[in-house]
2 protein chains.
Amino acid sequence: MEDVLDERSKKVLWAVIQSYIDNPDPVGSRYVTKKYAFQYSPATIRNIMADLEDMGFLSQPHTSAGRVPTDKGYRYYVEHILEEKIGINEGLLDLLTSKVSDPIEDVDFILDETSKTLASLSRYLGLAVSPGPEGSILRRIELVPYKEDRIAVVILTDEGVIKHKIIKNEMALTSSDLQKISNYLNREFKGYTIKQIREHLAEELRRDKEMYDNLMERSLALCREALYTYGSNVFITGLTRILDLPEFSNIEKIKKISKTIEDKHAIIKLIDKIIDSRGVQVIIGSENPVSEMNELSVIISTYNEHDRPAGVIGIIGPKRMDYSSVISLVETAARFLSKMFEEGGK
Amino acid sequence: MEDVLDERSKKVLWAVIQSYIDNPDPVGSRYVTKKYAFQYSPATIRNIMADLEDMGFLSQPHTSAGRVPTDKGYRYYVEHILEEKIGINEGLLDLLTSKVSDPIEDVDFILDETSKTLASLSRYLGLAVSPGPEGSILRRIELVPYKEDRIAVVILTDEGVIKHKIIKNEMALTSSDLQKISNYLNREFKGYTIKQIREHLAEELRRDKEMYDNLMERSLALCREALYTYGSNVFITGLTRILDLPEFSNIEKIKKISKTIEDKHAIIKLIDKIIDSRGVQVIIGSENPVSEMNELSVIISTYNEHDRPAGVIGIIGPKRMDYSSVISLVETAARFLSKMFEEGGK
DNA sequence: ATTAGCACTCACCCTTGAGGAGTGCTAATT
DNA sequence: AATTAGCACTCCTCAAGGGTGAGTGCTAAT
């Protein structure tokens with residue numbers, strides 16, 4: 001969006017949004033002059049506001065009400081008015097460090113905690129998505145005999161994700177068979193991403209089944225089955241807190257948001273659509289392709305492992321959120337996670 | 001509660017509750033005679049209702065309104081009026097079988113699915129709690145070297161619960177050390193419950209540290225650390241659906257219930273308090289020791305593994321729920337799970 | 001270019017009053 | 001003695017009406 005506003009208009013837009021973030025009532029011209037000590041009279045402000053409305057940055061709920069920011073207004077605010085220097089949120093960093101660093105846990109635990117911490121500091125919803133199969137590098141695969149006719153497959157990746165699955169031991173593999181298969185799989189696939197392994201397996205099996213000896217064939221079949229269900233986990237926390245916000249005094253909105261939370265599938269879809277660039281991204285209201293979230297804003301960022309985007313961390317809240325502090329929270333959390341995985345992967 | 005009512009009063013109480021379950025408006029005398037084709041006039045019904053109110057089974061929101069069942073009324077209804085023959089819900093059984101049986105999954109997946117299915121059939125909240133450390137029997141413990149200085153501990157229990165934890169390898173154990181330790185732990189503790197092992201470990205370590213050789217000491221320390229976090233998982237699903245009920249048109253109630261859902265700790269406490277007898281239990285409104293749930297009813301049942309209560313399955317809903325069908329759903333789910341673990345444990 | 005003045009709009013809140021569902025009581029009926 | 005009809009009474013619900021006030025847009029003065 002081009003930077004089309006003069007300084008004075010920017011200030012007014014800023015004041016309106018600031019006031020609206022503070023308190024979701026339509027903002028009047030008189031209030032702006034008083035609260036933000038403008039040098040102009042309410043009448044002048046009214047003219048400016050009328051211009052801003054013409055340009056689509058503000059709107060009126062009804063003729064004789066004050067103005068409310070539009071999505072376009074928020075967008076302009078985020079891009080051109082907000083302070084560029086978004087700092088690191090030290091409080092969040094301290095909290096995360098104290099919560100997560102001491103006992104070394106797996107990724108799901110860390111992400112759940114991060115999501116909760118983001119939720120509690122922002123008072124909105126915390127969101128975290130674990131690394132998907134695309135970028136996760138296999139560290140180790142372990143086959144453990146389990147009960148008479150089953151095998152527990154445990155997959156460990158570089159990020160510390162542990163997935164497990166119990167599969168049927170239809171081929172009656174013995175304990176030592178399993179040992180051999182594990183060794184083979186580890187030798188063959190360690191260091192590849194889950195996605196690569198999947199593709200590789202699909203191809204191998206298609207190409208020529210007879211090419212390999214029996215044990216190897218079994219290994220591949222096992223591995224395929226275990227990797228089949230490998231996907232991202234989504235953590236969304238903080239519903240209770242968000243219900244205190246005045247915009248959720250309306251049942252319909254609560255329903256929408258709780259549906260969004262339960263249907264984590266939609267979130268993954270959203271994230272797939274959105275994650276192309278790195279850094280913190282801001283999705284405001286109707287910019288969101290998921291229509292259920294058109295009344296919400298989403299601030300997300302990828303976090304990296306070895307400079308490769310792994311998963312996503314973010315905050316979901318009302319459109320009138322305190323963008324600068326939320327962006328700083330998300331930025332901080334993303335850096336924290338990236339650093340954590342950097343260290344962990346050494 | 002004693003069976004203190006004559007047939008006629010029972011019928012009236014039944015009619016009031018039935019009507020109230022159908023539609024949460026206070027029930028009037030005229031409505032009862034019409035809808036349920038009573039042989040008496042509204043005036044007679046009024047007299048009976050006044051008696052029921054004196055006994056505490058009904059109450060009036062205000063002088064000129066109809067009656068509403070009290071918790072005591074529901075309790076009497078459940079104990080003395082409800083059909084005793086609670087059948088198995090075939091639809092649920094079919095659904096569960098199709099969802100859960102085919103791929104052999106671990107307990108957490110099965111419980112999550114069961115909870116979702118209960119939620120969708122009842123239109124209330126589905127609840128499932130995985131087996132805790134008390135009764136879970138260790139099947140296998142596996143130590144896998146993970147990255148340079150860490151070990152992944154994987155614990156498999158009889159029910160198919162898999163817990164994993166990553167711990168620091170502070171003692172610089174080699175891969176073959178780990179192998180030896182696993183072997184030792186499996187030999188020593190297989191067949192014991194997690195709780196027993198915990199207690200055993202605590203005692204061993206307290207008694208005499210020098211009594212054992214170095215490796216064994218290390219094993220025990222590792223094992224202790226890994227078992228430390230072993231606890232029940234709680235699955236609660238179906239929030240979206242429950243918001244459609246008229247009793248949750250009130251924000252305060254939504255807040256309460258969402259708090260209850262997020263604070264799974266409270267649920268575990270509730271369940272600990274309540275689970276003394278087997279079979280389906282009904283907790284109505286204020287009977288619930290957790291005060292946040294005083295406007296809700298909870299129907300729960302334990303499910304067994306080898307005739308030993310393992311975890312809990314249930315439904316949480318408004319007090320005016322259709323008790324007979326909900327009880328039947330919970331009963332069916334509990335039997336299904338018990339059977340599933342019976343087979344799985346063979 | 002800015003501002004004061006003013007008529008106008010419209011949501012919000014409060015009051016009022018009609019309507020109606022339901023009750024309790026009493027007296028009549030079976 | 002139990003049941004029922006009749007009736008006065010209660011009190012919730014809802015819609016209509018009117019006052020209030022915040023806020024606007026326009027015009028004319030500064």
Side-chain angles (χ1 to χ4, degrees), chain A residues 5-13 15-20 22-70 73 246-247 249-250 320, chain B residues 5-13 15-20 22-70 73 246-247 249-250 320:
Chain A
L5 296 184
D6 56 47
E7 277 310 308
R8 202 178 59 173
S9 307
K10 273 189 192 177
K11 265 194 184 157
V12 173
L13 180 56
V16 171
I17 292 183
Q18 214 59 27
S19 157
Y20 194 71
D22 213 46
N23 177 355
D25 291 333
V27 185
S29 54
R30 195 180 131 79
Y31 185 81
V32 168
T33 54
K34 279 237 167 176
K35 178 85 179 277
Y36 297 94
F38 269 68
Q39 50 187 317
Y40 302 105
S41 75
T44 312
I45 301 297
R46 270 205 293 286
N47 287 330
I48 301 172
M49 283 165 97
D51 292 346
L52 287 170
E53 186 172 2
D54 287 342
M55 286 187 274
F57 295 126
L58 297 177
S59 77
Q60 274 181 304
H62 57 86
T63 333
S64 72
R67 259 79 173 199
V68 158
T70 61
E247 32 266 274
S249 55
N250 165 337
R320 55 166 205 106
Chain B
L5 297 183
D6 56 46
E7 276 311 308
R8 202 178 59 172
S9 306
K10 274 189 191 178
K11 265 194 185 156
V12 173
L13 180 56
V16 171
I17 292 183
Q18 213 60 27
S19 157
Y20 195 70
D22 214 46
N23 177 354
D25 292 333
V27 185
S29 53
R30 197 181 130 79
Y31 185 81
V32 167
T33 54
K34 277 237 167 172
K35 177 85 178 276
Y36 298 94
F38 269 68
Q39 51 188 314
Y40 303 106
S41 74
T44 312
I45 300 298
R46 271 205 291 285
N47 287 330
I48 300 172
M49 283 164 98
D51 291 346
L52 287 171
E53 188 173 359
D54 287 344
M55 286 186 275
F57 294 126
L58 296 177
S59 76
Q60 273 181 303
H62 56 87
T63 334
S64 72
R67 258 80 173 198
V68 158
T70 61
E247 33 267 272
S249 55
N250 166 336
R320 55 165 204 106

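Reminder, nothing fancy here: chain letters follow the sequence lines and each chain counts from 1.
- Residue pairs that meet the salt bridge (Lys or Arg N to Asp or Glu O under 4.0 Å) test with at least one member in residues 46-68 of chain A, sequence neighbours left out, are A:E53-A:R67.
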Hey, what are the protein-to-nucleotides 27-29 of chain C N/O distances that come in under 3.5 Å?
none

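- Counting only distance, with no hydrogens or angles, the side chain of A:T70 and the backbone of A:G56 share a donor-acceptor pair below 3.5 Å.
- Side chains of B:I45 and B:M49 form a contact here, defined as non-hydrogen atoms less than 4.5 Å apart.
- Minimum interatomic distance between A:T33 and A:R30 (heavy atoms only, all atoms of both residues): OG1-O, 2.6 Å.
- Residue whose closest nucleotide on DNA chain D sits further toward the 5' end, between B:A43 and A:G28: B:A43.
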Intra- and inter-strand pairing of DNA chain D, written as dot-bracket with Watson-Crick and G-U pairs under 3.5 Å and | for the latter, reads ||||||||||||||||||||||||||||||
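- Looking at residues two or more places apart in sequence or on another chain, you find a salt bridge (charged side-chain N to carboxylate O under 4.0 Å, His left out) between B:R320 and B:E247.
- At a cut-off of 3.5 angstrom, the base of D:dG23 holds no donor-acceptor pair with the side chain of A:R30.
- We find that CG of A:D51 is positioned 12 Å from P of D:dC26, with the value rounded to whole Å.
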Please list, for nucleotides 1-3 of chain D, all pairs of protein and nucleotide N/O atoms separated by less than 3.5 Å.
unit_1: D:dT3; atom_1: OP1; unit_2: B:R8; atom_2: NH1; d: 3.0
unit_1: D:dT3; atom_1: OP2; unit_2: B:R8; atom_2: NH1; d: 3.1

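- Contact check for A:Y36 versus A:S19: side-chain heavy atoms found under the 4.5 Å cut-off.
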Quick one: do A:D6 and A:S9 satisfy side chain to side chain donor-acceptor pair (under 3.5 Å)? Show the steps, please. CA-CA 6 Å; A:D6 56 47; A:S9 307; 2.8 Å; yes
I'd like to know whether A:V68 forms a side chain to side chain contact (heavy atoms under 4.5 Å, CB included) with A:V27, so could you lay out the CA-CA distance, the side-chain angles of the two residues, the decisive distance to 0.1 Å, and finally the verdict. CA-CA 6 Å; A:V68 158; A:V27 185; over 6 Å; no
Working for side chain to side chain contact (heavy atoms under 4.5 Å, CB included), residues A:L52 and A:L5: CA-CA 9 Å; A:L52 287 170; A:L5 296 184; 3.8 Å; yes
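- Between atom OH of residue B:Y31 and atom CG of residue B:N23 there is a gap of 6.5 Å, rounded to the nearest 0.5 Å.
- In this structure, the CG atom of B:D25 is 9 Å from the P atom of C:dG22, given to the nearest Å.
- Between B:P246 and B:S249, the shortest heavy-atom contact is O-OG, 2.8 Å.
- In this structure, A:F38 places its CZ atom 16 Å from C1' of C:dT3, rounding to the nearest Å.
- A 6.0 Å sphere centred on NZ of A:K10 holds more than 12 heavy atoms belonging to other residues, nucleotides or ligands.
- Within residues 59-67 of chain B, the residues having any heavy atom closer than 4.0 Å to DNA chain C are, in order of number, B:Q60, B:T63, B:S64, B:A65, B:G66, B:R67.
- Summarising the geometry, the separation between CE on A:M49 and C1' on D:dG25 is reported as 13 Å, rounded to the nearest angstrom.
- In this structure, A:K34 places its NZ atom 15 Å from C1' of D:dG23, rounding to the nearest Å.
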Derivation of the side chain to side chain contact (heavy atoms under 4.5 Å, CB included) call for A:F38 and A:T44: CA-CA 10 Å; A:F38 269 68; A:T44 312; over 6 Å; no
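- Between the CG atom of A:L58 and the P atom of D:dG25 there is a distance of 11 Å, given to the nearest Å.
- At least one side-chain heavy atom of A:K35 sits less than 4.5 Å from a side-chain heavy atom of A:D22.
- The nearest whole Å value for the distance from the CD atom in A:E53 to the P atom in D:dC26 is 11 Å.
- We find that OH of B:Y31 is positioned 10 Å from P of C:dG22, with the value rounded to whole Å.
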